[in-house]
Amino acid sequence: MDNSLSPLRSIELDGYRFIENSRDHLHQRLVNGEWKNLTGVSSVVKDITNFSIAAYYGSRRALMALGYDPKDKPNNLAKFQRKVLTLLASRRKTRKVLLKEAYKAHATYSKTRAEKGTNSHDILDKWIKQCLAENDGRPMPSDEPVVNKFVEMTKSYEPQFVASEKHGYNDDPELWLGGICDLIVTTNQGLGIWDFKDRPAIYEKDLLQMGGYAWLFPMDFTHVLGVPLEGRDARVLYDVPSLKEAFKSQLKTYRYLQSISIPK
């Protein structure tokens, strides 16, 4: 048996279930006694990329692996020179290994960041659930830096949490979606869908993702809010109906691209 396919997490709720293993995660709906895969909201926007930003960042990580960060002020050319001289003086096999590490530096860093982001989400989810259980959903004091960062960026909304890590689905044939929303919250701006990202900024695709979550729950959302846990400012969007329609358009594009993709 392939142990990588053994469920790491499985949740079942009234004809819906979520299964996660080391390779993938699946949202499913029970139809006539058979589990059918729903389209995951996050999958729809996953491959939307600003390639100019991605290219610059990938090349920066490769240079950093060689001891040079082009964003350093002043640029540390001495460290780069030492690294390159050591590289040139090393054995051929060692040079190949070090250059391969520089080539893979961005992928290695991204994996580390994903693990860090998971930890941040877990800390926030545990804290929010404690607030729901002990303080009617209102923020409580915490010693966790990531929680205090979140509180600082969102306190102006006077939040009262409704649900954390909320599973949902929409089995309308046109949508056929499943997903997990980070946070549903009541605020002085109405009912919101909030999402955390463990990076300095919230991108347009993050807002679009929250538009997908808005399809999963029969609630009257007034806004979506992205919270960059390494940034300074949360990003809000109030036109939820337009955002939902934009996500629906992206969903059609995603499914068409899936239909013409070459099998791996």
Side-chain angles (χ1 to χ4, degrees), residues 1-9 19-26 40 42-126 143-150 182 195-206 209 226-232 254 257-258 260-264:
M1 179 181 177
D2 187 349
N3 290 329
S4 67
L5 297 181
S6 300
L8 299 174
R9 183 166 50 139
I19 300 174
E20 181 181 28
N21 56 49
S22 60
R23 292 186 187 178
D24 204 357
H25 61 267
L26 298 173
S42 60
S43 297
V44 175
V45 303
K46 181 179 179 180
D47 292 331
I48 299 176
T49 304
N50 185 322
F51 288 102
S52 61
I53 293 177
Y56 275 112
Y57 197 68
S59 61
R60 179 189 172 202
R61 296 307 310 186
L63 286 170
M64 288 172 70
L66 296 174
Y68 175 73
D69 185 349
K71 287 197 172 185
D72 270 356
K73 295 181 181 180
N75 292 321
N76 195 348
L77 290 172
K79 182 179 178 181
F80 173 70
Q81 185 176 6
R82 290 194 300 270
K83 186 89 171 182
V84 171
L85 288 174
T86 301
L87 179 67
L88 293 175
S90 63
R91 298 171 57 189
R92 176 183 173 86
K93 185 176 181 180
T94 302
R95 288 201 301 270
K96 290 179 69 175
V97 170
L98 292 174
L99 288 171
K100 185 69 174 290
E101 289 176 353
Y103 169 68
K104 297 190 302 180
H106 181 250
T108 301
Y109 176 76
S110 295
K111 183 177 180 181
T112 302
R113 298 297 299 166
E115 292 170 355
K116 181 177 181 293
T118 299
N119 291 337
S120 296
H121 274 67
D122 288 345
I123 291 169
L124 280 165
D125 178 50
K126 182 178 179 180
D143 294 328
E144 293 285 356
V146 69
V147 170
N148 292 324
K149 186 69 179 288
F150 169 81
D182 281 350
D195 198 54
F196 330 126
K197 299 297 182 186
D198 203 59
R199 45 178 155 78
I202 295 298
Y203 304 140
E204 287 74 20
K205 74 172 187 177
D206 302 327
Q209 181 176 344
V227 184
L229 298 176
E230 292 188 351
R232 295 182 178 179
Y254 168 79
L257 292 176
Q258 289 290 106
I260 63 173
S261 65
I262 299 173
K264 294 181 181 180

| note | Residue set satisfying side-chain contact (heavy atoms from CB on, under 4.5 Å) with K100, at least two apart, ordered chain then number -> Y103, K104

| task | Can you measure from OG1 (T86) to CD (Q81) and round to the nearest 0.5 angstrom? | result | 10.5 Å

| About how many Å separate CG of L124 and CZ of F150, when rounded to the nearest 0.5 Å? | 6.5 Å

| field | D125: side-chain hydrogen bond (donor to acceptor under 3.5 Å, both in side chains) partners, not counting sequence neighbours | value | K129, S164

| message | To check you understand the geometry: which heavy-atom pair defines the closest contact between K197 and Q209, and what is its length? | response | NZ-OE1, 3.3 Å

| request: Starting at OG of S120, measure out to CZ of R199 and round the result to the nearest 0.5 Å. | output: 12.5 Å

| query | Taking all non-hydrogen atoms of both residues, which atom of H121 and which atom of D182 are closest, and how far apart? | reply | NE2-OD2, 3.2 Å

| request: Flag the pair E101 / L98 as yes when at least one side-chain heavy-atom distance between them is below 4.5 Å, and no otherwise. | output: yes

| field | Exercise: identify the closest heavy-atom pair between D198 and E230 | value | OD2-OE2, 3.9 Å

| query | Would you say L99 and L87 make side-chain contact, with heavy atoms under 4.5 Å? | reply | yes

| With sequence neighbours excluded, what pairs up with L63 under the side-chain contact (heavy atoms from CB on, under 4.5 Å) test? | Y68, P70

| remark: Of all heavy-atom pairs linking F80 and L66, the shortest is CD1-O, 3.3 Å

| query | What heavy-atom pair brings P228 and A201 nearest, and what distance separates the two atoms? | reply | CB-N, 3.7 Å

| Distance (rounded to the nearest 0.5 Å) between R82 CZ and K79 NZ | 8.0 Å

